[in-house]
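Lettering follows sequence order; numbering is per chain, from 1.
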There are 2 protein chains.
Amino acid sequence: MKDLLPAPADYRLEGRVWVQGPHDRFLGIGRLELLVQIQATGSISRAAAAMGMSYKRAWDLVHSMNTQARTPLVATQTGGKSGGGALLTPAGAQAVAEFQDVQARFRAFLADETQRLAGQ
Amino acid sequence: MKDLLPAPADYRLEGRVWVQGPHDRFLGIGRLELLVQIQATGSISRAAAAMGMSYKRAWDLVHSMNTQARTPLVATQTGGKSGGGALLTPAGAQAVAEFQDVQARFRAFLADETQRLAGQ
DNA sequence: AGCCGTTATATTTTGTAAAATACAACCCGT
DNA sequence: ACGGGTTGTATTTTACAAAATATAACGGCT
């Protein structure tokens, strides 16, 4: 693109990747961050607030992941000393780790291709 | 994800990539196909029809690409023997070729990562 | 001069995803 | 018993992208 663009340095390859199931999306960057925030805050509602997302949307995303996975990624509890809460299951932690790796390789791919665009 | 999912073979990594400029998107898979259809049909309106897209939307996309590139990717003509038409400039043909290469490498990346998901 | 099919452009309508709102259920602690 | 903060769920409202509609301009042809 070097000679196609007025300022090639201002252009870069961007993108998104996600794990797609037969019916629904299973895991993408937004769901990943949601899982991380649940891990960090111990609740869906605080994770949603931290991301500027409505609780309903966050809950729907958790529900989608939990029902698609063989075993839930997020364990929830209603009521209790602090009203309830949520935390990652081992499966959830594994999903986070694996998808973070995918994301890292994808970022590398994008950086590579951005270099190539600027070069050729 | 092998042990996270009930039927790992049904899940795969999907995604999108695009060339992003400082203000607008410059080129993605939709714009690429639009350019290819313009090349094939000789007009924006026929290209739009071939893609099930409104003429306005197609024209807006062409306008966005033409104004961002150093030199237009699509040359248009109003009036004339068949009412007018559009065709790819050399710059447009080069953009198509380069972005098709990016897409090919991205498809390879996705296939790789899908294999990895199924495997580990 | 008038027709045709296109480009070019503005405005209105529609469809849909997200947000907002509301409220029941839960259960530990006081 | 009830207060608090959460999960769980339905419904309404809002925001925005896309589609639909409308219309002018263009220029070769008959």
Side-chain angles (χ1 to χ4, degrees), chain A residues 14 16 18 20 23-35 37-69 71-89 92, chain B residues 14 16 18 20 23-35 37-69 71-89 92:
Chain A
E14 297 189 355
R16 292 257 168 153
W18 60 90
Q20 178 70 39
H23 303 305
D24 297 331
R25 185 166 305 200
F26 176 58
L27 191 53
I29 185 70
R31 291 168 188 230
L32 173 67
E33 184 181 346
L34 181 59
L35 292 179
Q37 289 294 333
I38 288 170
Q39 196 169 33
T41 63
S43 93
I44 295 176
S45 70
R46 281 194 294 270
M51 293 179 66
M53 175 188 290
S54 72
Y55 171 79
K56 182 193 186 327
R57 174 151 177 68
W59 186 89
D60 284 346
L61 292 173
V62 168
H63 181 72
S64 167
M65 289 185 275
N66 275 352
T67 53
Q68 283 188 80
T71 179
L73 306 188
V74 175
T76 61
Q77 191 186 0
T78 69
K81 65 170 182 292
S82 62
L87 48 82
L88 292 199
T89 63
Chain B
E14 298 189 354
R16 291 256 170 156
W18 60 89
Q20 178 71 40
H23 304 305
D24 296 333
R25 186 167 304 199
F26 176 58
L27 192 52
I29 184 71
R31 290 168 188 230
L32 174 67
E33 184 181 345
L34 181 59
L35 292 179
Q37 288 295 333
I38 288 170
Q39 196 169 35
T41 63
S43 92
I44 295 176
S45 70
R46 281 194 293 269
M51 294 179 66
M53 173 188 294
S54 71
Y55 170 80
K56 182 194 185 328
R57 173 151 178 68
W59 186 87
D60 285 346
L61 293 174
V62 168
H63 182 71
S64 167
M65 289 185 274
N66 274 353
T67 54
Q68 284 188 81
T71 180
L73 306 188
V74 175
T76 62
Q77 191 188 1
T78 68
K81 64 172 185 294
S82 63
L87 49 82
L88 291 198
T89 64

What integer distance in Å separates [X]:[atom1] from [N]:[atom2]?
| X | N | atom1 | atom2 | value |
| --- | --- | --- | --- | --- |
| Asp60(B) | dA20(D) | CG | P | 15 Å |
| His63(B) | dT6(C) | NE2 | P | 21 Å |
| Ile44(B) | dG5(C) | CD1 | P | 18 Å |
| Trp59(A) | dA10(D) | CH2 | C1' | 11 Å |
| Leu61(A) | dA17(C) | CG | P | 14 Å |
| Asp24(B) | dA17(D) | CG | P | 12 Å |

Is any side-chain heavy atom of [Y] closer than 4.5 Å to one of [X]?
| X | Y | result |
| --- | --- | --- |
| Ile29(B) | Glu33(B) | no |
| Thr71(A) | Thr89(A) | no |
| Gln39(B) | Leu87(B) | no |

Would you be so kind as to tabulate the donor-acceptor pairs closer than 3.5 Å made by side chains of residues 42-51 of chain A, with sequence neighbours excluded?
unit_1, atom_1, unit_2, atom_2, d
Ser43(A), OG, Ser45(A), N, 3.4
Ser43(A), OG, Ser45(A), OG, 3.3
Ser43(A), OG, Arg46(A), N, 2.8
Arg46(A), NE, Thr41(A), O, 3.2
Arg46(A), NH2, Thr41(A), O, 3.0

Within less than 4.0 Å of OP1 or OP2 of dA8(C), is there a side-chain N or O belonging to Thr76(B)? yes
Report yes if at least one side-chain N or O of Ser43(B) is closer than 4.0 Å to OP1 or OP2 of dG5(C); otherwise report no. no
Can you tell me how far apart CG (Leu32(A)) and CE (Met65(A)) are? Round to the nearest 0.5 Å. 9.0 Å
May I ask you to decide if Asp60(A)'s main-chain N or O and Ser64(A)'s side chain share a donor-acceptor pair within less than 3.5 Å? no
Assign a letter to each nucleotide of nucleotides 18-30 of chain C from its 5' end: B, base within under 4.0 Å of a protein heavy atom; S, sugar-phosphate only; -, no contact. SSB-----BBBS-
